[in-house]
Novice: 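Take a look at this one; I'll ask things after.
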Amino acid sequence: MKKILCVGIVVVDIVTELDHYPEEDSDNRCHKLWRQRGGNASNNCTVLAILGAKPYFCGTISDSDEKKFIEEDFKNYGVDIGYSVVVEGTDCPRSCVLTSLSTGSRTIVHYNKNLRELKLEEFCSIDLSQFSWINFEGRNVSEVKKMISVVRDYNKQVSKEERITISVELEKAKEDVNDLISLGDIVFLSKDYARFRGWNNMEEALSKVAELTLPETTAICAWGEKGAGAIVKPQKNVFTSSSFAPVHVVDTLGAGDTFIASTILALSMGLSVEKSITFGCKVAGFKIGLRGWEEFREKIRRIRVS
Ligand code: ADP
Ligand code: FRU
């Protein structure tokens, strides 16, 4: 089985679980508070590892107090970080996350003081021949564009079977992310990004994005409790999946990352687009009924054993 590489960031998430989202300038108590490794690519790798794949994380890691925690946690989950770059004299990016039990929302406040993103020359040190799939987080856009071009050049030199599938994730509501739409074989777009583009529902997002993707791209859009959809070119066939809500939604942090990782795994194993997005929704639906990655891993282990 060839390996999957996720390019993006790793951060520390401090997750606070509340009954309700708090009032401004109020004094509150929470039920639970925990620390976990986060960041989209880091989360993608966590989920891939939990599902039994062999993920590789590539990104920058701060040489701060949190480095030990991050590296040990990656190791604990079985994520290879051999292609990551430690940047000295930097602070670790962190997010404060408030999860609300009454609505299932997760509110993220992120802070990155000075950790830089991955550079092209660092990406170029990777031995691409071992990978069948590379997923790029939609950030660091000017460098990521060049990295994708390196992978496309590699793909031109190898046989069809050895080609690497390139996926890109358009998640952040930012103008420069638009440049990545026409670069992926698979393009994942979030509802936040879709709304930012003025696309008000999943169907509209899929039809609009398909006008901008490569001739053979599959675009996939997750839309919270509505589930997810995909549009497959060149025929522009549309497939959808409902969501699979748990009895209680307790932690939607990383739901999108979970959906993307499981859909990538299913597609990379040769499942159809329809089955793959359905699998993505099932795994994401299972995850949001549980708190954090640890509980998710534990429950999946138990399912595997029984
Ligand atoms: P993001 O984390 O990017 O905001 P979404 O909210 O679109 O991602 O969620 C990704 C996937 O997780 C959805 O396609 C769905 O399958 C599942 N999901 C998220 N929230 C819910 C929910 N409240 N009920 C059921 N499924 C959900
Ligand atoms: C979830 C997440 C968090 C992180 C934030 C960064 O998708 O990756 O783990 O704090 O987004 O934007």
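Every number for a ligand or one of its atoms is a count from 1 in the order of the listing. Keep in mind the model is a prediction, meaning the values are calculated, not measured.
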Novice: So is there a nitrogen or oxygen of Gly39 less than 3.5 Å from a nitrogen or oxygen in ligand 2?
Specialist: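 Such a contact does occur with ligand 2.
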Novice: Around atom 4 (C) of ligand 2, find the nearest protein heavy atom and jot down its residue, atom name and distance.
Specialist: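 For atom 4 (C) of ligand 2, the nearest protein heavy atom comes out as Asp13 OD1, 3.5 Å.
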Novice: Suppose I only count heavy atoms of Trp223 and a 4.0 Å limit; which atoms of ligand 1 are within that range?
Specialist: 7 (O), 14 (O)
Novice: Which protein heavy atom lies closest to atom 7 (O) of ligand 2, and at what distance to 0.1 Å?
Specialist: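 Its nearest protein heavy-atom neighbour is Asp257 OD2, 2.8 Å.
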Novice: Using the six-membered ring wherever Trp is involved, compare the ring planes of Phe259 and Phe188 and label them parallel, tilted or perpendicular (cut-offs 30° and 60°).
Specialist: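 Because their plane-to-plane angle is over 60°, the rings of Phe259 and Phe188 count as perpendicular.
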Novice: Near Gly38, which atoms of ligand 2 are under 4.0 Å from a heavy atom of that residue?
Specialist: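 Near Gly38, meaning under 4.0 Å from one of its heavy atoms, ligand 2 has 9 (O).
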Novice: Under a 4.0 Å heavy-atom limit, does Ile288 contact ligand 1 with its side chain, its backbone, both, or neither?
Specialist: side chain
Novice: With heavy atoms only and a cut-off of under 4.0 Å, state how Lys226 meets ligand 1: side chain, backbone, both or neither.
Specialist: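 It is neither part, as no heavy atom is under 4.0 Å.
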Novice: In sequence, state the C-alpha distance, the side-chain angles, and the governing distance for Leu118 and Met147, and then conclude on side chain to side chain contact (heavy atoms under 4.5 Å, CB included).
Specialist: CA-CA 10 Å; Leu118 192 75; Met147 294 174 199; 3.9 Å; yes
Novice: Please indicate whether any nitrogen or oxygen in Gly224 is less than 3.5 Å from any nitrogen or oxygen in ligand 1.
Specialist: yes
Novice: Count the heavy atoms of every other residue, nucleotide or ligand shown that sit under 6.0 Å from CD of Glu225, and state whether that count exceeds 12.
Specialist: no
Novice: Has Lys174 got more than 12 heavy atoms of other residues, nucleotides or ligands less than 6.0 Å from its NZ?
Specialist: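 Counting neighbours around NZ of Lys174, 12 or fewer heavy atoms of other residues, nucleotides or ligands fall under 6.0 Å, so no.
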Novice: Can you check whether Arg152 reaches Tyr154 side chain to side chain, under 4.5 Å on heavy atoms?
Specialist: no
Novice: Charged N to carboxylate O below 4.0 Å: is that the case for Asp80 and Lys3?
Specialist: no
Novice: At what distance, to the nearest 0.5 angstrom, does CG of Leu170 lie from CD1 of Ile220?
Specialist: 11.5 Å
Novice: Measuring from non-hydrogen atoms of Lys172 to any atom of ligand 2, is the shortest distance under 4.0 Å?
Specialist: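 Yes, that is the case, since the closest heavy atom of the residue is under 4.0 Å from the ligand.
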Novice: Heavy-atom distance under 4.5 Å between the side chains of Tyr21 and Thr107, does that happen here?
Specialist: yes
Novice: Between Ala255 and Ile288, which heavy-atom pair has the shortest distance, and what is it?
Specialist: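 Closest heavy-atom pair between Ala255 and Ile288: CB-CG2, 3.8 Å.
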Novice: What about Asn40: any of its N or O atoms under 3.5 Å from an N or O on ligand 2?
Specialist: yes
Novice: Just jot down the ligand 1 atoms closer than 4.0 angstrom to any heavy atom of Ala245, in number order.
Specialist: 24 (N), 25 (C)
Novice: Number the atoms of ligand 1 from 1 as they appear, then name those within less than 4.0 Å of a heavy atom of Ala284, with their elements.
Specialist: 11 (C), 12 (O), 17 (C)
Novice: Using heavy atoms and a 4.0 Å limit, tell me yes or no: is Gly104 in contact with ligand 1?
Specialist: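 In this structure, Gly104 fails to qualify as a contact of ligand 1 - no heavy atom is under 4.0 Å.
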Novice: Are side-chain N/O atoms of Glu274 and Ser272 paired as donor and acceptor at under 3.5 Å?
Specialist: no
Novice: What protein heavy atom lies closest to atom 23 (N) of ligand 1? Include the residue and the distance to one decimal.
Specialist: Glu225 OE1, 3.6 Å
Novice: In terms of residue, atom name and distance, what is the protein heavy atom nearest to atom 3 (O) of ligand 1?
Specialist: Gly256 CA, 3.7 Å
Novice: Report yes or no: does Gly256 have a heavy atom closer than 4.0 Å to ligand 2?
Specialist: no
Novice: For atom 14 (O) of ligand 1, what's the nearest protein heavy atom and its distance?
Specialist: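 Answer, as residue, atom name and distance: Gly227 O, 2.9 Å.
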Novice: Atoms of ligand 2 less than 4.0 Å from Ser95 heavy atoms?
Specialist: 4 (C), 10 (O)
Novice: Can you check which of Gly254, Ser243, Gly280 brings a heavy atom nearest to atom 26 (N) of ligand 1?
Specialist: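 When every heavy atom of Gly254, Ser243, Gly280 is considered, Ser243 comes closest to atom 26 (N) of ligand 1.
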Novice: Tell me whether Glu72 is salt-bridged to Lys75, with the criterion being a basic N under 4.0 Å from an acidic carboxylate O.
Specialist: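 Looking at Glu72 and Lys75, the cut-off is not met.
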